[in-house]
Amino acid sequence: MTTTGKSRPDSDGGDARGNVDRYVPAAIEKKWQTQWESDGIYEASDYIEGKENYFSLVMFPYPSGDIHMGHWFQYSGSDAYARFKRMQGYNVLHPQGFDSFGLPAENAAIERGADPRKWTYSNIDNSRRQFREMGASYDWSRELVTSDPEYYKWNQYWFLQFYKNGLAYRENGQANWCPKDQTTLANEQVKDGVCERCGTTVTRRAMPQWFFAITKYADELLDMDDLDWPEKIKMMQRNWIGRSTGTTIGFDVSEYVAGEQIETFTTRIDTVFGVTFVVLAPEHPLVMKLTQPDQKDVVQAYVENASRQTEIDRTSTEREKTGVATGAYCVNPMNGERVPVLVGDYVLATYGTGAVMGVPAHDERDFVFAKKYDLEIRVVVAPPDWNEEELEEAWISPGIQVNSGEFNGMSSIDAKDAIANDIESNNWGRRTITYHLRDWLISRQRYWGTPIPIIYCDDCGTVPVPEEDLPVKLPENVIFEADGRSPLTKDSNFLNTVCPQCGKPSKRETDTLDTFVCSSWYHLRFASPNSGQSPLNDDQVRAWVPVAAYQGGSEHAVMHLLYSRFFNKALRDLKFVDFDEPYTKLTNQGMLTKNGGKISKRSNPLPPDPVVEQHGADTLRCYLMFLGPWDQGGDWSDSGINGIKRWLNRIWDLAQRDYSVLGGSVSDSAERDLSRIANATSQRVIADMNVFKFNTSIAALMEFTTALMRAHENGNVSVESWRSGVERLLLHAAPLAPHIAEELWQRTGHIGSIHMEMNPSYDESVITADVITLAVQVQGKLRDQIEVPADIDQESAIQAAKMATNVVRHLEGMQIIKEIYVPGRLVNIVVKPF
RNA sequence: GGGGAAGUGGCGAAAUGGCAGACGCGCAUGCCUUAGGAGCAUGUGCCUUAACAGGCGUGUGGGUUCGACUCCCACCUUCCCCA
């Protein structure tokens, strides 16, 4: 414990400063948290006369047990921003809730026998407590918990709308399977071949799965020109969608299999005359049909071996590319040549057509492959000054077509089009657009999620649950076993039902929805939280959405943020919303680390509660904001927190100083100086808060704090200037340190909450000083500084600069060849020896 | 391998073409104190110097400019994303 809590009879804060009690955060923070809540000052009205609505949303947490220091970092910043916007006169909606479906609850059930519902809701209670201790300005009246039936009912409703409109479908497919979590994963949830959540190597498994048709929106999702988002996130989404334009062309194999051809996709159709082999994925349906008898054993063994490898291994650039010949040949339609067909495991059946044309001269991978297997390397796009010599490495840049029949002499850029036209007119293939993006796999073979509202009837087939029967509730008291089967498949009360169409006994779907469905539309529900009979209230949605400012981590770049955009567009086309994008402006907070590593409860713990207990919530909030730029994150260290504590202590002391000692000997210049720094501080703080630069906002406020203390000690400012200075300091500090600002606001005689006040205004004309310091350089090196009137003209400034003592020395024996004056900043004199 | 971001005192950082190191930590000296993990004051990039002053300095090497942490080129290192 610190000594701050102990009462001491005299010395500090006493005597001339007006006998003030010490700053004890614990004594004021709880009090104001309770007061704010009972006054409901952060509850947003949908309309306030004369105020513009501003929806400032921060990504809601998964309630894993504790609000950890990373959460404090994220939520302190977003709360400070929301508070700042409120004080700029906006009608701000800043809600909070819990993304409470998901694997950890269920794993806790399997590992420790905890009931997922109890485990989750007790975590939520704890998280609510910690959010309150943070002093965050959330509108708790709009809180939502995604595992509540009132919420997930609408997930089911959206699913049904999507299903009816062809945006949700079920298909047999190879799914990513996590053997540990016993569930399927979307591509986005597989990182480096392992499960994003638990790190287990992902395998593939064939099973019927539900999908959302996100690829229908691939092109529209690429249009992000109007989004005020970090360029990095846009780039990641573009890469993830991975649109590439090219040509599909068929290589005839009818001499082996009647009427068949190998379809290949390429973005470099200009190199098609350089094809010297074709490679099939081991899973390609033509592999066995084409393989010649003497190659059967080799190919079979190769295919079997490939099936045991992960995709990551197979496509790794570290690994040498391997392949085996099938003994068959296919025909290049462009020149009628027969080229060998090989099988190679670096070609994946799931991408493109599952076959690639090999052009060793113009593709690095093919080049290496051809060298290894001694295949022809034929140049068809000539590098500049090429004279038929062999290439040292693949030439992948544009060039001039050679060995390309009628296209010889054309630039390869033009040839792309010309050859594609030729192929299309001969019906050998077609222009094709491919995407890396796959449809969103939403099925999870898990219990703790939203049941998919579908019933399977022997007679009627797949039947959607009627909307009036929603929600399909998750059963309680189910059996958990780590056997790869969802508890829902073993709960006969849940599983067995009757067909809504024919009334015959039928089975429910036992898959639950990916939890990213919950977070794809939660912002809409925050805007219209109380619509019991409909998912949304149109007026409320229109009042608040799209979200003006959205804050969250960049780890959601290709999952949540892409799904949300898709959801919004789908809901727009189904006439539920009338805007194109859900989040207008996005800001990423950086990651908070400890000793350079990720903070984790087990291996690298950093619990916030002890810090709050020792220093108070305001100190912790400000310290986290002061570490560095919010969008860059930072590394936690205990050492700096005292600086912030000292600053808050100084504010505490300063705001309560006895100002009756002032006013006796007011100096005009001291008044002007204080006014100048006061206005300059507001200008800096307002500009910085607007762009989430909390660190420099705090630095400006610290400087202002020091200036106020100096003014008081010198005793030469008026009571009015002093009081308005203190007021200004408290108002600017309020978004960052809400409790101490509120307490001091009250103690300095104000009625009502400081958080309902407006930011102080500033006058730019006051900020400019009448006398300024100019830097004087000779040859660009600083030699002296001069005090001059602020409105000095160029000629006088240069005159004065030349007379500065230390400048004279450097001008001796030199002739001046150039003089530069940067108004208000510096004079630079360029010289050379006579 | 491709794409992106970053590299500044002992430390967190500021400055995005104009006085590098604001603000804070730490450290040093002094004041106050019975006491200090409290408070206040002063100092604090490196080198030379008694001082005035000078030299060097923002990962490395070039370039543009009167002037470069900032812009351009090449390279090194770290982190992130993708393969």
Side-chain angles (χ1 to χ4, degrees), chain A residues 1-4 6 8 10-14 17 22-23 187-188 191-193 230-240 242 311-312 314-319 346 348 351 364-365 368 396 436 553-555 557-558 588 590-591 593 596 614 622-629 631-647 649-650 653 684 688 693 695-706 709-710 713 772-786 805-806 809-810 816-832:
Chain A
M1 227 6 237
T2 58
T3 55
T4 49
K6 290 178 190 159
R8 299 197 306 109
D10 56 358
S11 66
D12 66 272
R17 292 173 184 173
R22 294 202 60 149
Y23 170 46
N187 284 347
E188 292 87 328
K191 292 277 148 85
D192 297 327
E231 210 39 57
K232 181 181 130 181
I233 302 290
K234 291 189 188 179
M235 185 69 73
M236 286 166 75
Q237 292 211 345
R238 276 187 213 109
N239 289 343
W240 189 260
E311 275 190 18
I312 286 293
R314 284 172 50 176
T315 54
S316 163
T317 46
E318 258 90 276
R319 184 163 160 271
Y346 68 98
L348 300 178
Y351 283 91
E364 287 168 18
R365 289 161 305 178
V368 175
I396 53 176
H436 174 260
S554 58
E555 67 272 20
V558 289
N588 290 131
M591 211 208 305
T593 55
Q614 191 181 349
C622 290
Y623 179 56
L624 290 167
M625 295 305 93
F626 191 61
L627 279 181
D631 59 3
Q632 280 171 39
D635 197 60
W636 172 271
S637 113
D638 300 318
S639 65
I641 198 163
N642 285 328
I644 291 291
K645 188 72 173 288
R646 281 184 202 133
W647 174 54
N649 263 314
R650 281 204 296 276
D653 161 66
R684 287 170 68 186
D688 289 352
K693 290 182 115 186
N695 56 332
T696 47
S697 293
I698 292 173
L701 291 175
M702 285 173 164
E703 287 180 57
F704 186 42
T705 305
T706 307
M709 286 174 64
R710 292 275 183 284
E713 273 145 33
I772 55 170
T773 306
L774 282 185
V776 185
Q777 299 178 333
V778 179
Q779 305 290 64
K781 284 184 197 265
L782 181 70
R783 293 306 178 189
D784 211 337
Q785 302 190 324
I786 52 172
T805 35
N806 205 40
R809 186 190 349 254
H810 288 91
I816 295 170
I817 55 174
K818 199 166 186 179
E819 294 161 332
I820 288 139
Y821 174 55
V822 183
R825 292 190 174 271
L826 60 69
V827 173
N828 187 14
I829 300 167
V830 187
V831 296
K832 67 175 186 187

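In what follows, chains are A, B, ... by sequence order, proteins preceding strands, each numbered from 1.
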In whole angstrom, give me the gap between the [atom1] atoms of [N] and [M].
N	M	atom1	value
B:C71	B:A6	P	9 Å
B:A83	B:G12	C1'	36 Å
B:U48	B:G57	C1'	15 Å
B:U44	B:A22	P	10 Å
B:G18	B:U70	P	11 Å
B:A35	B:G39	C1'	14 Å
B:G4	B:A74	P	12 Å
B:A20	B:C69	P	8 Å

Nucleotide forming a Watson-Crick or wobble pair with [N], both distances under 3.5 Å:
N	answer
B:G67	none
B:G17	none
B:C75	B:G59
B:C11	B:G24
B:A41	B:U29

In whole angstrom, what separates [X]'s [atom1] from [N]'s [atom2]?
X	N	atom1	atom2	result
A:Gln779	B:U65	CD	P	15 Å
A:Tyr623	B:A13	OH	P	10 Å
A:Lys818	B:G67	NZ	C1'	10 Å
A:Asp784	B:G54	CG	P	9 Å
A:Met709	B:U42	CE	P	11 Å
A:Asp635	B:U78	CG	P	18 Å
A:Arg809	B:A53	CZ	C1'	6 Å
A:Ile829	B:U65	CD1	P	21 Å

>> Under 4.0 Å, counting only non-hydrogen atoms across every strand here, what does A:Asn806 touch: a base, just sugar-phosphate, or nothing?
In response: sugar-phosphate
So which heavy atom on [X] is nearest to which on [Y], and how close?
X	Y	result
A:Met236	A:Val558	O-CG1, 3.5 Å
A:Cys622	A:Ile698	O-CD1, 3.6 Å
A:Ile233	A:Ser554	CD1-CB, 3.7 Å
A:Ser697	A:Asp688	OG-CB, 3.3 Å

>> Taking A:Trp636's backbone N and O only, do any of them form a donor-acceptor pair with A:Thr593's side chain (distance below 3.5 Å, no angle check)?
In response: no
> Base of B:G9 relative to its sugar, syn (within 90° of 0) or anti?
Replying inline: syn
> Does any donor atom in the side chain of A:Asn806 or A:Arg809 lie under 3.5 Å from an acceptor atom in the other side chain?
Replying inline: yes
>> Please encode protein proximity along nucleotides 16-33 of chain B as a string of B, S and -, counting only heavy-atom distances under 4.0 Å.
In response: --BB--BBSSS-------
> OP1 or OP2 of B:A53 sitting under 4.0 Å from any side-chain N/O of A:Lys781?
Replying inline: no
> OP1 or OP2 of B:G54 sitting under 4.0 Å from any side-chain N/O of A:His810?
Replying inline: yes
>> Any non-hydrogen side-chain atom of A:Lys781 less than 4.5 Å from a side-chain atom of A:His810?
In response: no
> Hey, are the side chains of A:Gln779 and A:Val830 touching, using non-hydrogen atoms and a 4.5 Å cut-off?
Replying inline: yes
> Do A:Tyr623 and A:Trp647 have their ring centres less than 6.0 Å from each other?
Replying inline: no
